[in-house]
Asks: 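Handing you a structure now.
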Amino acid sequence: MLTITNVRKTFNKGTVNEKKALCGINLHLNPGDFVTVIGGNGAGKSTMLNMIAGVYPIDSGKIEIDGVNISREPEYKRAQYIGRVFQDPMRGTAAGMEIQENLALALRRGQSRGLSWGIKANEKDFYRESLTRLGLGLQTRMSSKVGLLSGGQRQALTLLMATLEKPKLLLLDEHTAALDPKTAKKVLELTDEIVKERELTTLMVTHNMKDAIQLGNRLIMMHEGRIIYDVAGEEKKSLHVDDLLKKFEEASGEEFANDRMMLAK
Amino acid sequence: MSGIFIALQGAVAQGILWGVMVLGVYITYRLLNIADLTVDGSFALGGCVCATLIINFNMNPALALVIAALAGMLAGAVTGFLHTVLEIPAILAGILTQISLWSVNLRIMSGKSNIPLLKLQTLISGVGDLFGLSQAQASIIVGVLIAVLMVMVLYWFFGTEIGSAIRATGYNEDMIRALGVNTGKMKLFGLMISNSLVSLSGALVCQHQKYADINMGRGAIVIGLAAIVIGEVLLGVAGSLFVGKLENFAFRLLAVVLGSAVYFLIRAIVLQLGLKTNDMNLFTAVFVALALSIPVLTAKWRAKQAYSETGEEDDT
């Protein structure tokens, strides 16, 4: 599925602000893997997701999806394989456009867009059905502007948009971090449901260790641009937050209490 | 009295012809969120190309309009290239194209800064002769027909897949790029469409006034913004008076064309009241600055009024 080989990235190379963001990342995801990613601030979690999505070019290494080398493809071309949900609920949707228009844009992810009508009448039933499954009542407001929705609703809509046309890989970059706890829980439940139902290969960055343990079949921990811990299957299921904290201290050789990572228990 | 009436009729005619330009400015300013300063140059470009084609090549005036529009499209492509490929900030990219168009336009007119069409037939004088109308009346008819046609084309285009992607680029670039759209290309398309409308308008105005002038586009962007502001206010007022919110895209486009006509009417009235033509640029700039700042200032004032140290008791 996704194979990352020795990917490196340094920001502001050769200046006083030089920051080694990724120091030789190797990662292989099997089809249907749901991997949660944890780590402190500046560990390289978001950078890794951005490199996969093509937001910045990588310095060296190789990123492949289903054997296709996408390392040097621009962001908009990689979109044909990848669905994304950002941390900021404002970033994933177009506020000034209708809910159904947003969905119509998402349905055409990665396809060439021509001069046929941007939203076809026969798509609307599909949108209504999909919105109904979100359980937020949005199916009755399909022609409302997205700007009228709450942050949680927008994030749920973005999640739906990212998966409307099945992506080979779903990237979730702390997509519940900007939401209040109750809404965050709801969006996470939705995430779990959608990922399971559609059997999506997923990478989810989170700050919440409990979520990282509960969701998915595999967990990786990052620190200073490296993957320092990778656990899957039964071993992952039996993990506790304290185990993760201990692992972090072991692997990083740092006192967790001094780190600003603030992994929420 | 009839003198004033004729003057106002001329103002409406001019306003509608300029309204085609306002459609172009609307695309960049409102849909793409770019203040495109190419406009001043591409408006004059349309006029210069049109006049030169009619004078030197004896071209059919209708065909000259089409070619003027294509020339504007090219100008928009230059700005788009500077902005999206070379990543020059949009405002600066527009200024660069605008300033270079001044030289280009003079080249087109073989070094002359003004080309009169005198007695030559134009689309507008042709329509006037055919139906026995005055030049202003003919301009209004031609202007309305072309403006409505353009609104229909734009309404269709911005409803298509590509058009939707262009609109989405204006709202949220990150989002639409993540959905697989090359946002640079969308901005390029938007700038090309916009400037082709601006040039078309310049060519129409040239045929209306029967000359092209190197300075005819000066301040066009500001006139465009003024017309958009007026049009949106009109739409809001019309919506609250009659039918509820007029959100439809076609209404919004028609409103800015109307806004342009109203702007030129206001201008004609102010001139009748004794303001000098030379003062018009200052007048327009002040008008646009006020129109853009009033919402900001009222919001600040409201926030100030709403503040109280203790806060209100909750009623519930």
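Here is the naming used below: chain letters follow the sequence lines, and residue numbers restart at 1 for every chain.
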Asks: Only pairs of heavy atoms separated by less than 4.5 Å count here; which of S164(B), G170(B), G163(B), A178(B) has the most with chain A?
Replies: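 Answer, by heavy-atom pair count under 4.5 Å with chain A: A178(B).
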Asks: Would you say Q111(A) has more than 12 foreign heavy atoms packed within less than 6.0 Å of its CD?
Replies: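 Enclosed.
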Asks: I'd like to verify something: which residue of A94(A), G96(A), P74(A) has the highest number of heavy-atom pairs under 4.5 Å with chain B?
Replies: G96(A)
Asks: Under 3.5 Å, is there a donor-acceptor pair between the side chain of S199(B) and the main chain of S196(B)?
Replies: no
Asks: At a 4.5 Å cut-off on heavy atoms, which part of E101(A) comes close to chain B: side chain, backbone, both, or neither?
Replies: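 Contact with chain B: side chain only.
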Asks: Check the surroundings of atom OH in Y56(A): do more than 12 heavy atoms from other residues, nucleotides or ligands lie under 6.0 Å from it?
Replies: no
Asks: Shorter than 4.5 Å, heavy atoms on both sides: which option in A104(A), A79(A), A162(A) has the most such pairs with chain B?
Replies: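 Among the listed options, the one with the most contacts to chain B is A79(A).
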Asks: Do other residues, nucleotides or ligands put more than 12 heavy atoms under 6.0 Å from the CZ atom of R198(A)?
Replies: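 Yes, the 6.0 Å shell around CZ holds more than 12 heavy atoms from other groups.
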Asks: Counting heavy-atom pairs under 4.5 Å with chain A, which one of V181(B), I162(B), T160(B), D174(B) comes out on top?
Replies: T160(B)
Asks: So, E174(A) versus H207(A): side-chain donor-acceptor pair below 3.5 Å or not?
Replies: yes
Asks: Using non-hydrogen atoms only, which part of R91(A) is less than 4.5 Å away from chain B: side chain, backbone, both, or neither?
Replies: both
Asks: Would you please say whether a donor-acceptor pair under 3.5 Å links the side chains of H175(A) and T206(A)?
Replies: no
Asks: Let me know if T158(A) has heavy atoms under 4.5 Å from chain B in its side chain, its backbone, both or neither.
Replies: neither
Asks: Which bit of I82(A) is near chain B, if near means a heavy-atom gap under 4.5 Å: side chain, backbone, both or neither?
Replies: backbone
Asks: Check each atom of F157(B) against the heavy atoms of chain A and say whether the ones under 4.5 Å are side chain, backbone, both or neither.
Replies: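 For F157(B), the contact with chain A is made by the side chain alone.
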Asks: Give a yes or no on whether a salt bridge exists between E73(A) and R78(A), defined as a side-chain N under 4.0 angstrom from a carboxylate O.
Replies: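 Salt bridge: no.
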Asks: Heavy-atom distances under 4.5 Å only: say whether A53(A) touches chain B with side chain, backbone, both or neither.
Replies: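 Looking at A53(A), nothing touches chain B.
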Asks: Quick check on the interface: out of E165(A), R84(A), R108(A), who has the most heavy-atom pairs with chain B under 4.5 Å?
Replies: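 It is R108(A).
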Asks: State whether the number of non-hydrogen atoms from other residues, nucleotides or ligands found under 6.0 Å of K145(A) atom NZ is greater than 12.
Replies: yes
